[in-house]
Protein chains: 2
Amino acid sequence: MDEETDGIRQNRLPERSIDTADRRLLGVLVEDATVSYAELGEKAGLSAPAAHERVKRMRRSGAIRQTVAMADPRSVGKPLLAFVHVDTRGWGKTPELMAVSSFPEVEEIHTVAGDACILLKVRTEDTRALEGLLARIYDTPGVTSTRSYVVLSTYLERPVQPGITQDWPAPKLGTNPIY
Amino acid sequence: MDEETDGIRQNRLPERSIDTADRRLLGVLVEDATVSYAELGEKAGLSAPAAHERVKRMRRSGAIRQTVAMADPRSVGKPLLAFVHVDTRGWGKTPELMAVSSFPEVEEIHTVAGDACILLKVRTEDTRALEGLLARIYDTPGVTSTRSYVVLSTYLERPVQPGITQDWPAPKLGTNPIY
DNA sequence: CTTGAAAAGTCAACATA
DNA sequence: TATGTTGACTTTTCAAG
């Protein structure tokens, strides 16, 4: 029982305590969310309803943000991956710049500390489409420059790992690109 | 499915034809893979078995790489996200460097064109853990330097979008960070 | 696309610590 | 009191027609 007894229990909506059993469940679901609750419980040392109950709770609390299918980039016509560093005049977090999230090519938007203000992860069909996307980013007010890092090969790309609780199957250390 | 698919099969099946109906199915599954096939078919204008058949085919062909739960980074104790540019002596794609994939903090490994050789996406508990990870990366033979971009806020982070086939619900353009 | 058997998900009352 | 278990019951899955 790794209970966190800090006494005061106010009406905090998200109960974010993740115990060892939850971590085991997450460890399975992060690799394959198509398993049945029976199998999931078996792998985590729980009965099916118990596993289900905990998973439901983690979904409610936000510990599991969502369960999604990961599409193959090439199959959907976006084989070109790039990271774009965006420099802006002033503080870059403007609504106009955040509006780039409406481009389906943009998968991630972060503000970063370093020599760049904003970092984008973008996926396009080819270099021409990337050029077009960059042109639209340049059109955004406040943007002064961009630097693009075009990905040649991707060797690892996986969701958030819930941390090591016990033995962990070594990830297939890719000496060959997965894309 | 107690199939012992250890993920080693990185088969590239030539069957990669994705039509409009497949794209609609993917569009739903990429946002929420917990829907039933009945609901999935309804949203994509197909019967449940038809939807099921197509999804199975996309899983076999690799168009759907996997179906996973996305864990909240904070809930699993990794609130600090950083992108690390790694410079190497010679061609950096050595097995030693690829072995960093055994660190659960490392989520992505790419080789890139630009002023860096390799780009890592890493998630750690705090700056101290990031420092430790960087130290281990420095220990790797051939690594000459690293530059880290620590993420201050994440405004968008989503899986590969299957492309726009028709009306697409505008993603909640985040003016507030999601982490 | 429809069907139907098999499997999984879901709920309630009980047990446990 | 909160969490796990067992077993009945409902829904979904999925291959055959």
Side-chain angles (χ1 to χ4, degrees), chain A residues 1-71 162 165-166, chain B residues 1-5 9 13 15 17-72 75-76:
Chain A
M1 297 285 189
D2 31 15
E3 192 83 47
E4 313 180 62
T5 61
D6 48 347
I8 301 177
R9 189 174 318 176
Q10 285 289 23
N11 44 4
R12 295 189 181 276
L13 301 180
E15 178 71 43
R16 286 193 183 278
S17 52
I18 297 299
D19 64 8
T20 306
D22 289 331
R23 276 203 147 80
R24 281 201 299 266
L25 294 169
L26 262 182
V28 175
L29 293 178
V30 155
E31 294 215 325
D32 182 7
T34 67
V35 294
S36 67
Y37 284 113
E39 191 177 350
L40 175 62
E42 189 179 355
K43 290 186 177 181
L46 267 63
S47 70
H52 182 241
E53 190 57 42
R54 280 174 173 271
V55 170
K56 255 196 313 190
R57 211 181 43 209
M58 286 194 283
R59 282 194 218 277
R60 259 189 294 115
S61 74
I64 294 178
R65 290 175 54 214
Q66 48 183 0
T67 299
V68 300
M70 301 195 60
T165 50
Q166 50 177 13
Chain B
M1 51 176 69
D2 32 12
E3 197 83 44
E4 198 60 31
T5 58
R9 287 168 58 99
L13 300 184
E15 177 67 48
S17 47
I18 297 297
D19 64 7
T20 306
D22 288 332
R23 276 204 147 80
R24 280 201 300 267
L25 294 169
L26 260 181
V28 175
L29 293 177
V30 154
E31 294 216 325
D32 182 7
T34 67
V35 295
S36 69
Y37 285 113
E39 190 176 350
L40 176 62
E42 189 179 354
K43 290 186 178 181
L46 267 62
S47 72
H52 180 238
E53 190 57 42
R54 282 175 174 272
V55 170
K56 249 196 322 187
R57 191 158 48 82
M58 286 194 283
R59 281 194 217 277
R60 261 189 294 112
S61 74
I64 295 178
R65 289 174 56 216
Q66 49 183 359
T67 300
V68 300
M70 301 195 60
D72 175 53
S75 297
V76 300

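Proteins come first, then strands; the chains are lettered A, B, ... in the order of their sequence lines, and each starts at number 1.
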Query raised in the report: In Å and rounded to the nearest 0.5 Å, what is the OG1 to CD1 distance from B/Thr34 to A/Ile64?
Result: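 Output value for this atom pair is 10.5 Å.
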
Nearest to side-chain heavy atoms of [X], which nucleotide of [options]:
| X | options | result |
| --- | --- | --- |
| B/Ser47 | C/dT2, D/dG4, D/dT13 | C/dT2 |
| A/Ala50 | D/dG4, C/dG9, D/dT13 | D/dG4 |
| B/Pro49 | C/dA8, C/dT2, C/dC1 | C/dT2 |
| B/Ser36 | C/dG9, D/dG4, D/dT12 | D/dT12 |

Taking atom [atom2] of [N] as reference, at what distance in whole Å does atom [atom1] of [X] sit?
| X | N | atom1 | atom2 | answer |
| --- | --- | --- | --- | --- |
| A/Glu42 | D/dT5 | CD | P | 13 Å |
| B/Glu53 | D/dT13 | CD | C1' | 12 Å |
| A/Leu46 | C/dT16 | CG | P | 17 Å |
| B/Glu39 | D/dT12 | CD | C1' | 13 Å |
| B/Tyr37 | C/dA8 | OH | P | 13 Å |
| B/His52 | C/dA8 | NE2 | C1' | 13 Å |
| A/Lys56 | D/dG4 | NZ | C1' | 14 Å |

Query raised in the report: Just wondering, more than 12 heavy atoms not from A/Gln66 lying within 6.0 Å of its CD?
Result: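 Check passes, neighbour count above 12.
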
Query raised in the report: Looking just at side-chain N and O atoms, do A/Arg59 and A/Thr67 make a donor-acceptor pair shorter than 3.5 Å?
Result: yes

Requested in this report: Could you tell me whether B/Lys43 and B/Glu39 have a side-chain N and a carboxylate O separated by less than 4.0 Å?
Outcome: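 Yes, this pair counts.
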
